[in-house]
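Working notes, beginning with the structure itself.
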Amino acid sequence: MTDVTQRSARRTAADTEPMVLAFDVVVTAVRDLTPTFRRITFGGACLTGFGVVGDTLDLRIKIVIPSEGRDAPDIAAMMSSGDASGWYQRWLGLDAADRGSMRTYTVRESRCSGPRPEIDVDFVMHLDAHGRGGPAAEWAAAARPGDKVCVIGPNASAAQCRTAGAYGGIEWSPGLAQHVLLAGDETAVPAISAILEALPEDIGGHAFLEVPDGQDIRPIRSRSSVQVTWLPRGDRPHGEHLEAAVRDAVRVPGWVSLSGRESANGGGEPEDVDIDRTILWETPQLLETAIVRSTVNPERPPGTQPFYAWIAGEAAVVRSLRRYLVRDVGVDRKQVAFMGYWRKGRAEQA
Ligand SMILES: Cc1cc2nc3c(=O)[nH]c(=O)nc-3n(C[C@H](O)[C@H](O)[C@H](O)COP(=O)(O)OP(=O)(O)OC[C@H]3O[C@@H](n4cnc5c(N)ncnc54)[C@H](O)[C@@H]3O)c2cc1C
């Protein structure tokens with residue numbers, strides 16, 4: 001299986017290379033960062049073929065967790081046989097026990113260009129008093145060095161070519177904005193941390209991270225002047241602190257005043273999203289990534305800065321913040337990424 005993965009990664013016809021590859025990785029380290037976060041490091045020679053151009057930011061991957069006592073399915077073989085894009089249907093067609101469970105995670109850190117390529121993923125340990133949670137959380141709780149999973153992620157070699165925008169695993173796209181808002185719960189902490197670490201000096205704004213407990217607060221290194229606020233939840237409802245913080249920080253329409261003196265004018269009601277049936281995922285047009293940061297935007301009112309917001313976490317909380325920002329504040333939807341990372345009471349569908 002590793003051979004198939006490596007063969008795929010070595011292909012050189014850039015335009016025809018798959019954007020996504022399956023990497024058969026092995027757990028090389030397990031470390032509890034805080035009561036909520038467990039960092040699992042994955043390694044393997046195949047990871048030399050993993051990566052994107054530039055910072056990983058909020059890069060998402062899929063992890064295929066094998067069923068107990070089974071090997072991970074051979075996704076690399078499914079990708080290399082027949083129509084490459086049909087691998088997902090082929091995987092869905094397997095018996096449930098052979099299929100395992102596919103879940104979405106963020107690459108907290110990638111070190112794939114060195115002699116021992118590795119990626120770190122920070123798992124939220126959402127387990128009940130009996131140690132029961134979803135397949136991913138339960139797998140992470142029991143993970144030991146040597147355990148194997150399959151990671152589906154970007155093909156570094158395809159990412160180098162000009163047509164590489166298609167991977168689509170990175171949503172952070174602030175365009176010209178120098179004033180940003182990042183808001184998320186614990187599942188978004190890995191992404192927000194990686195984004196903050198990559199931001200340059202001239203970016204300001206706010207980052208709000210709601211976490212279960214004060215012990216989950218960790219230092220984040222950032223050259224930016226974004227003000228980072230941790231919001232330990234304690235016994236308050238999920239999202240309560242996050243919503244209050246965002247409402248307090250954003251009271252003006254899409255353009256954020258340097259002086260902070262603008263008044264709010266509302267926008268339209270965003271169409272409702274049935275978060276129990278579909279994924280809430282609304283992000284600005286990819287075109288924004290093509291904007292050169294030094295370009296002068298002719299529509300920008302004097303004395304203001306373009307604004308960009310990135311919001312992720314439990315879907316009901318994200319939906320409520322979407323309604324507030326779009327309807328009540330009037331923020332242009334092209335300036336905000338709203339992402340339901342998980343839905344309370346519902347397993348990720350895969
Ligand atoms: C783009 C993206 C990036 C993500 N990055 C990360 C990441 O880096 N780290 C991370 O931990 N998660 C991350 N998530 C969230 C993660 O995919 C979900 O939490 C996922 O449901 C976990 O799978 P599971 O098998 O443990 O639980 P599932 O089988 O999906 O769910 C089982 C039950 O657990 C509940 N549940 C799921 N997640 C949580 C939670 N966090 N807290 C409380 N209850 C929960 C569900 O509502 C359901 O009732 C990300 C999601 C997306 C879409």
Side-chain angles (χ1 to χ4, degrees), residues 20 30-42 52 56-68 96 99-110 119-143 149 151-154 167-173 182 184-197 209-213 216 218 220 233 237-239 242 273 275-283 310-319 337-350:
V20 172
V30 177
R31 186 155 71 101
D32 286 327
L33 302 175
T34 73
T36 295
F37 294 103
R38 170 168 280 202
R39 174 161 299 169
I40 301 195
T41 303
F42 298 102
V52 292
T56 55
L57 300 164
D58 56 343
L59 174 65
R60 64 178 175 268
I61 53 173
K62 296 283 182 185
I63 301 181
V64 184
I65 313 281
S67 306
E68 208 170 334
R99 195 164 64 223
S101 306
M102 192 181 296
R103 295 290 183 266
T104 313
Y105 280 85
T106 304
V107 175
R108 177 63 185 87
E109 193 176 305
S110 168
I119 56 173
D120 292 333
V121 176
D122 290 354
F123 286 77
V124 172
M125 304 306 291
H126 66 93
L127 301 170
D128 66 17
H130 309 289
R132 307 302 299 183
E138 287 185 17
W139 175 86
V149 296
V151 163
I152 298 167
Y167 173 64
I170 293 179
E171 300 298 347
W172 174 256
S173 176
L182 292 128
D185 67 12
E186 55 269 39
T187 61
V189 165
I192 293 177
S193 304
I195 290 168
L196 285 170
E197 284 173 4
L209 303 99
E210 188 182 289
V211 286
D213 191 87
D216 293 317
R218 301 193 76 234
I220 301 176
R233 183 178 311 126
H238 201 106
L242 194 64
V273 176
I275 53 177
D276 291 315
R277 287 172 180 273
T278 53
I279 298 169
L280 170 50
W281 201 270
E282 184 176 290
T283 59
W310 183 106
I311 293 168
E314 201 283 321
V317 176
V318 174
R319 181 173 64 179
F338 296 105
M339 294 157 293
Y341 268 20
W342 63 286
R343 174 71 185 119
K344 200 170 194 169
R346 198 171 68 98
E348 184 175 339
Q349 277 172 351

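Atoms within a ligand are numbered from 1 in the order they appear, just like the ligands themselves. Fair warning: this is a prediction, and the values are worked out from it, not measured in the lab.
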Minimum heavy-atom distance between Glu171 and Asp58, given as atom pair plus value: N-OD1, 3.1 Å
Phe123/Phe37 aromatic ring centres below 6.0 Å: no
Arg346, CZ: over 12 other non-hydrogen atoms inside 6.0 angstrom: yes
Which heavy atom in Gly153 sits nearest to a heavy atom in Ile61, and how many Å separate them? CA-CG2, 4.2 Å
Check the pair Thr36, Met125 against side-chain contact (heavy atoms from CB on, under 4.5 Å), reporting the backbone distance first and the verdict last. CA-CA 5 Å; Thr36 295; Met125 304 306 291; 5.8 Å; no
Applying side chain to side chain contact (heavy atoms under 4.5 Å, CB included), name anything that partners Ser110, two or more places apart in sequence or on another chain. Phe50, Thr56, Val107, Cys112, Ile119
Show the protein residues that qualify under the rule heavy atom under 4.0 Å from an atom of ligand 1, listing them in chain and number order. Arg60, Arg103, Thr104, Tyr105, Thr106, Asp122, Phe123, Val124, His126, Gly134, Pro135, Ala136, Ala137, Thr187, Pro190, Trp281, Tyr341, Trp342, Arg343, Lys344, Gly345, Arg346, Ala347, Glu348
